[in-house]
S.K.: 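Sending over a structure as structure tokens; questions will come in a sec.
The basis for the numbers below is simple: all heavy atoms, side chains too, and nothing from hydrogens, waters or symmetry mates.
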Amino acid sequence: QVQLVESGGGSVQTGGSLRLSCLVSGYTEINYCMGWFRQAPGKEREGVAAIDSGHNTRYADSVKGRFTISQDNAKNTLYLEMNSLKPEDTAMYYCAVDPGCWAVPAIILPLGYKHWGQGTQVTVSS
């Protein structure tokens, strides 16, 4: 059974930083994409960043240059380093795994991601 557990969310002021972690267990596929998504109240879930098994990465335009996705295979952990945070980054952040993905697509969409974590809240105050 695949399980994803996010941590690292919290409340920060504008310009602050946070690092989200996602511990993955029970997943043994060689090829995959892993992603971070976020959803603010009243808005659709949007893709923030993704990484594939070849360590290629993709970012939403709104976070390019501020967020960095990475993974530590030895620790089975996915990370999202978030810098220069803005109030519009406030949302619930989710990590997810797409087992059918061989390379990160140009646009990060929730479709195809089969396994999801429970989310961690990020709040950025002005």
Side-chain angles (χ1 to χ4, degrees):
Q1 182 180 358
V2 179
Q3 289 188 324
L4 290 78
V5 179
E6 301 98 333
S7 60
S11 297
V12 297
Q13 292 187 327
T14 297
S17 298
L18 285 171
R19 187 176 81 157
L20 305 184
S21 299
C22 173
L23 178 62
V24 183
S25 61
Y27 188 78
T28 58
E29 298 295 325
I30 296 175
N31 294 305
Y32 58 83
C33 289
M34 297 188 69
W36 286 98
F37 296 81
R38 66 187 181 188
Q39 188 166 19
K43 294 188 176 182
E44 292 187 354
R45 189 168 296 189
E46 64 171 342
V48 175
I51 187 168
D52 62 30
S53 51
H55 299 272
N56 301 298
T57 59
R58 192 81 67 188
Y59 297 92
D61 289 343
S62 59
V63 305
K64 280 181 182 177
R66 300 189 298 122
F67 290 12
T68 302
I69 188 171
S70 63
Q71 60 184 15
D72 185 332
N73 290 336
K75 296 182 179 180
N76 295 324
T77 302
L78 179 72
Y79 299 101
L80 185 67
E81 186 76 34
M82 305 186 296
N83 299 311
S84 303
L85 283 162
K86 305 175 182 180
E88 50 264 43
D89 295 318
T90 295
M92 185 72 79
Y93 282 70
Y94 301 88
C95 63
V97 176
D98 179 355
C101 175
W102 288 66
V104 287
I107 300 175
I108 307 164
L109 297 174
L111 184 67
Y113 283 80
K114 305 297 184 186
H115 309 290
W116 292 83
Q118 83 289 348
T120 186
Q121 178 68 37
V122 171
T123 302
V124 185
S125 58
S126 58

S.K.: Which heavy atom of Ser126 sits nearest to which heavy atom of Pro87, and what is that distance?
M.R.: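 What the structure gives for the nearest pair is CB-CG, 4.0 Å.
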S.K.: Rounded to the nearest 0.5 Å, what separates atom CD in Glu88 from atom OG1 in Thr14?
M.R.: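 With rounding to 0.5 Å, CD (Glu88) is 8.0 Å from OG1 (Thr14).
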S.K.: Is Val97 linked to Val104 within one hydrophobic cluster, defined over Ile, Leu, Val, Met, Phe, Trp and Tyr using a side-chain heavy-atom separation of less than 4.5 Å?
M.R.: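 No, no single cluster joins them.
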S.K.: Can you tell me how far the SG atom of Cys33 sits from the CG atom of Asn56, to the nearest 0.5 Å?
M.R.: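 Between atom SG of Cys33 and atom CG of Asn56 there are 9.0 Å.
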S.K.: When rounded to the nearest 0.5 angstrom, what distance separates OG1 in Thr77 from CE in Met34?
M.R.: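 Reported value, rounded in 0.5 Å steps: 8.5 Å.
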S.K.: Looking at Gly35 and Tyr113, what are the two nearest heavy atoms and their distance?
M.R.: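 Residues Gly35 and Tyr113, closest heavy atoms: N-CE2, 3.6 Å.
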S.K.: Gly26 and Val2: which non-hydrogen atoms are nearest, and at how many Å?
M.R.: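 Gly26 and Val2 have their closest heavy atoms at O-CG2, 3.5 Å.
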S.K.: Once you round to the nearest 0.5 Å, how far does CD of Glu6 lie from OH of Tyr93?
M.R.: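 If we round to the nearest 0.5 Å, Glu6:CD and Tyr93:OH are 12.5 Å apart.
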S.K.: Starting from the C-alpha separation in whole Å, work towards a yes-or-no answer on ring pair (Phe, Tyr, Trp, His ring centres under 6.0 Å) for Phe37 and Trp116.
M.R.: CA-CA 10 Å; Phe37 296 81; Trp116 292 83; 4.9 Å; yes
S.K.: Under 4.5 Å between side-chain heavy atoms, counting indirect links through other Ile/Leu/Val/Met/Phe/Trp/Tyr residues: same cluster for Val122 and Trp36 or not?
M.R.: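 Shared cluster, yes.
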S.K.: Are Leu80 and Tyr32 co-members of a hydrophobic cluster defined by side-chain heavy atoms under 4.5 Å apart?
M.R.: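 Yes, it is one cluster - the side chains of Tyr32 and Leu80 are joined through contacts under 4.5 Å.
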S.K.: For the residue pair Arg38 and Val63, establish whether any side-chain heavy-atom pair is separated by less than 4.5 Å.
M.R.: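 Yes, at least one pair of side-chain atoms sits under 4.5 Å.
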S.K.: Does the pair Asp89/Lys86 count as a salt bridge with the N-to-O cut at 4.0 Å?
M.R.: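 Salt bridge: no.
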S.K.: Are the side chains of Thr68 and Tyr59 in contact, using a 4.5 Å heavy-atom criterion?
M.R.: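 SC-SC contact between Tyr59 and Thr68 confirmed.
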S.K.: Measure across Asn31 and Tyr27 and return the closest heavy-atom pair with its distance rounded to 0.1 Å.
M.R.: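 Closest approach of Asn31 to Tyr27: O-OH, 3.4 Å.
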S.K.: Measure the OH-SG distance between Tyr79 and Cys95 for me, rounded to the nearest 0.5 Å.
M.R.: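 One gets 12.0 Å once the value is rounded to the nearest 0.5 Å.
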S.K.: For Tyr94 and Gly117, work out which heavy atoms get closest and say how close.
M.R.: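 Heavy atoms only, the tightest pair is CD2-O, 3.6 Å.
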S.K.: Does Ile69 belong to the same Ile/Leu/Val/Met/Phe/Trp/Tyr cluster as Leu23, with side-chain heavy atoms less than 4.5 Å apart forming each link?
M.R.: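 The answer is no; the residues belong to distinct hydrophobic clusters.
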S.K.: Is there a path of hydrophobic side-chain contacts, each under 4.5 Å between heavy atoms, that joins Ile51 and Leu20?
M.R.: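 As far as the 4.5 Å side-chain criterion goes, Leu20 and Ile51 are connected within one cluster.
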S.K.: Taking side chain as C-beta onward, heavy atoms only, is Leu4 less than 4.5 Å from Leu78?
M.R.: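 With C-beta onward as the side chain, the pair stays apart.
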S.K.: Any chance you could measure Asn83, atom CG, to Ser17, atom OG, to the nearest 0.5 Å?
M.R.: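 One gets 3.5 Å once the value is rounded to the nearest 0.5 Å.
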S.K.: Distance-only, no hydrogens or angles: does the Thr90 side chain make a donor-acceptor pair with backbone N or O of Val124 under 3.5 Å?
M.R.: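 Yes: the side chain of Thr90 pairs with the backbone of Val124.
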S.K.: Any idea which heavy atoms bring Gly112 and Pro99 closest together, and the distance?
M.R.: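 Reported closest heavy-atom pair: O-CD, 4.2 Å.
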S.K.: Would you check, one step at a time, whether the test side chain to side chain contact (heavy atoms under 4.5 Å, CB included) holds for His55 with Gln71?
M.R.: CA-CA 8 Å; His55 299 272; Gln71 60 184 15; 3.0 Å; yes
S.K.: CD of Gln121: more than 12 outside heavy atoms within 6.0 angstrom?
M.R.: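 Yes, the 6.0 Å shell around CD holds more than 12 heavy atoms from other groups.
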S.K.: When you measure from the side chain of Arg58 to the backbone of Pro105, do you find a donor-acceptor pair of N or O atoms at a distance under 3.5 Å?
M.R.: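 Looks like yes, one N/O pair under 3.5 Å.
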